[in-house]
Asker: 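Quick one: the structure is below, questions incoming.
Model, not experiment: these values are computed from the prediction. Computed from heavy atoms alone, side chains included, the values below leave out hydrogens, waters and symmetry copies. Letters A, B, ... mirror the listed sequences (proteins, then strands); counts begin at 1.
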2 protein chains.
Amino acid sequence: MKEMTIKDLTEILKEKNVKPSLQRLKILEFLFKANNHPTVDEIYSALIKDIPTLSKTTVYNTLNVLIESELVKVVNIENTESRYDAIPEEHGHFKCRQCGKIYDFHFDMNLIDSQVPPGFIVSEKDVFFKGICRECLNNNI
Amino acid sequence: MKEMTIKDLTEILKEKNVKPSLQRLKILEFLFKANNHPTVDEIYSALIKDIPTLSKTTVYNTLNVLIESELVKVVNIENTESRYDAIPEEHGHFKCRQCGKIYDFHFDMNLIDSQVPPGFIVSEKDVFFKGICRECLNNNI
DNA sequence: TACTATTTTGTAATGATTATAAGTTTATTA
DNA sequence: TAATAAACTTATAATCATTACAAAATAGTA
Ligand SMILES: [Mn+2]
Ligand SMILES: [Mn+2]
Ligand SMILES: [Zn+2]
Ligand SMILES: [Zn+2]
């Protein structure tokens with residue numbers, strides 16, 4: 001995702017009626033910059049350098065606030081711990097069983113709309129693939 | 001799923017080189033009969049009546065054995081606890097945000113094969129929808 | 001029967017997440 | 001500006017699903 005200034009981030013939060021505290025700005029900034037779907041622990045470990053008083057509870061609280069305002073989505077492709085994603089565009093997720101990396105890939109959710117059972121209203125769609133990524137396949141040769 | 005005799009179940013386990021103990025037979029039978037993707041707790045609570053000595057650890061152990069032999073799949077549509085599914089056919093899952101029920105629906109996974117990123121090998125595909133089910137929509141009128 | 005391998009069980013440990021209450025900062029009012 | 005209230009952050013404890021571990025029970029074999 002493109003570079004975001006603190007001013008940009010402040011504006012994004014204000015639009016959602018979320019007060020732009022330092023913690024919220026830094027967590028949102030980190031998620032926009034991240035491309036690896038970080039866990040709570042990874043977010044906390046990265047930001048504790050900037051904000052030495054940061055608490056892990058704040059990371060949890062903030063993520064829930066960001067999720068409620070639809071700026072962040074949870075990625076539950078694995079059952080061990082939740083991962084977080086601030087990419088607004090719909091996309092699919094691929095988890096490599098060897099290196100563990102979670103890839104984004106372009107996915108047109110309209111393709112699967114026709115499969116929604118009749119009479120049901122769908123507000124969220126997730127597509128998860130698992131297997132071996134290209135990089136691991138190349139390394140295994 | 002159609003009725004399964006203990007003899008049928010024994011045969012299924014033997015084919016996978018899994019010894020057909022009472023606990024394994026009963027857990028597999030329960031999963032074949034269930035259509036609601038039960039949790040470990042639900043499996044345990046249901047079977048403790050039949051097998052008073054049953055331990056929750058055995059439920060976990062057995063499920064892992066059944067998963068390794070590909071008789072059972074984990075459904076991680078929610079991050080709170082894992083659910084288990086013994087339906088062998090590929091299908092999608094819909095979770096109702098109101099009543100919490102998890103529905104199966106027919107889904108042709110071939111539809112989405114073209115979206116797999118090139119060079120990646122996919123061994124598992126999951127499609128999760130969330131929203132409001134037909135029953136809840138009717139009740140809300 | 002005696003021995004061995006496998007399975008089951010109870011208990012303790014782990015680890016992610018939530019609950020709670022106190023401390024700190026920010027906003028509002030007088 | 002000082003006092004007060006509201007919102008936010010923090011530390012700590014509690015919860016709960018899952019795993020680790022070792023002993024007990026069972027099944028298989030010679
Ligand atoms: Mn993503
Ligand atoms: Mn299912
Ligand atoms: Zn990989
Ligand atoms: Zn419903």
Asker: Under 4.0 Å from OP1 or OP2 of C/dA16: is there any side-chain N or O of A/T39 that close?
Answerer: no
Asker: Between B/Y44 and A/D41, which residue's closest nucleotide on DNA chain C lies nearer the 5′ terminus?
Answerer: B/Y44
Asker: Could you go through B/E29 and B/K26, starting from their C-alpha distance and side-chain angles, then the distance that decides it, and tell me whether this counts as salt bridge (charged side-chain N to carboxylate O under 4.0 Å, His left out)?
Answerer: CA-CA 5 Å; B/E29 181 187 41; B/K26 285 292 187 183; 3.8 Å; yes
Asker: Figure out the NZ/C1' separation between A/K14 and C/dA27, and round it to whole Å.
Answerer: 14 Å
Asker: Which of these, A/F94, A/F128, A/F129, sits in a ring pair (Phe, Tyr, Trp, His ring centres under 6.0 Å) with A/F105?
Answerer: A/F129
Asker: Provide, to the nearest angstrom, the distance between the CG atom belonging to A/N17 and the C1' atom belonging to D/dA7.
Answerer: 14 Å
Asker: Mind calculating the distance between CG (B/L22) and C1' (D/dA25) to the nearest angstrom?
Answerer: 14 Å
Asker: Please tell me which of B/T53 and B/K19 maps to the more 5' nucleotide of DNA chain C, matching each residue to the nucleotide holding its nearest heavy atom.
Answerer: B/K19
Asker: Grab the CD-P distance between A/E78 and D/dT19 for me, whole Å please.
Answerer: 13 Å
Asker: Roughly, in whole Å, what's the span from CG in B/L28 to C1' in C/dT7?
Answerer: 17 Å
Asker: Below 4.0 angstrom from OP1 or OP2 of D/dT9, is there any side-chain N or O of A/S55?
Answerer: no
Asker: Round to the nearest Å and state the distance from A/L47 atom CG to D/dT10 atom P.
Answerer: 11 Å
Asker: State whether a side-chain donor-acceptor pair under 3.5 Å links B/S69 with B/N17.
Answerer: no
Asker: With side chain to side chain contact (heavy atoms under 4.5 Å, CB included) as the test, would you mind laying out the steps for B/I132 and A/F120 before giving the verdict?
Answerer: CA-CA 6 Å; B/I132 309 289; A/F120 286 53; over 6 Å; no
Asker: Within less than 4.0 Å of OP1 or OP2 of C/dT17, is there a side-chain N or O belonging to A/Y60?
Answerer: yes
Asker: Which nucleotide in the set D/dT18, C/dT17, C/dT18 lies at the smallest distance from any side-chain heavy atom of A/E81?
Answerer: C/dT17
Asker: Atom CG of A/D50 to atom P of D/dT9: distance rounded to whole Å?
Answerer: 15 Å
Asker: Would you mind telling me which residue lines up with the more 5' stretch of DNA chain D, B/N61 or B/V40, judged by nearest nucleotide?
Answerer: B/V40
Asker: Given the structure, check if the side chain of B/T57 and the base of C/dT11 hold any donor-acceptor pair shorter than 3.5 Å.
Answerer: yes
Asker: Using whole Å, what does the distance between atom P of nucleotide C/dT7 and atom CG of B/L25 come to?
Answerer: 13 Å
Asker: Can you find a side chain N or O atom of A/Q23 that sits less than 4.0 Å from OP1 or OP2 on D/dT10?
Answerer: yes
Asker: Counting distance alone, no hydrogens or angles: does the base of D/dT9 have a donor or acceptor under 3.5 Å from a partner atom on the side chain of A/S21?
Answerer: no
Asker: Evaluate side chain to side chain contact (heavy atoms under 4.5 Å, CB included) for B/E124 paired with B/K73, printing each intermediate quantity in order.
Answerer: CA-CA 10 Å; B/E124 185 182 333; B/K73 278 192 63 177; 4.0 Å; yes
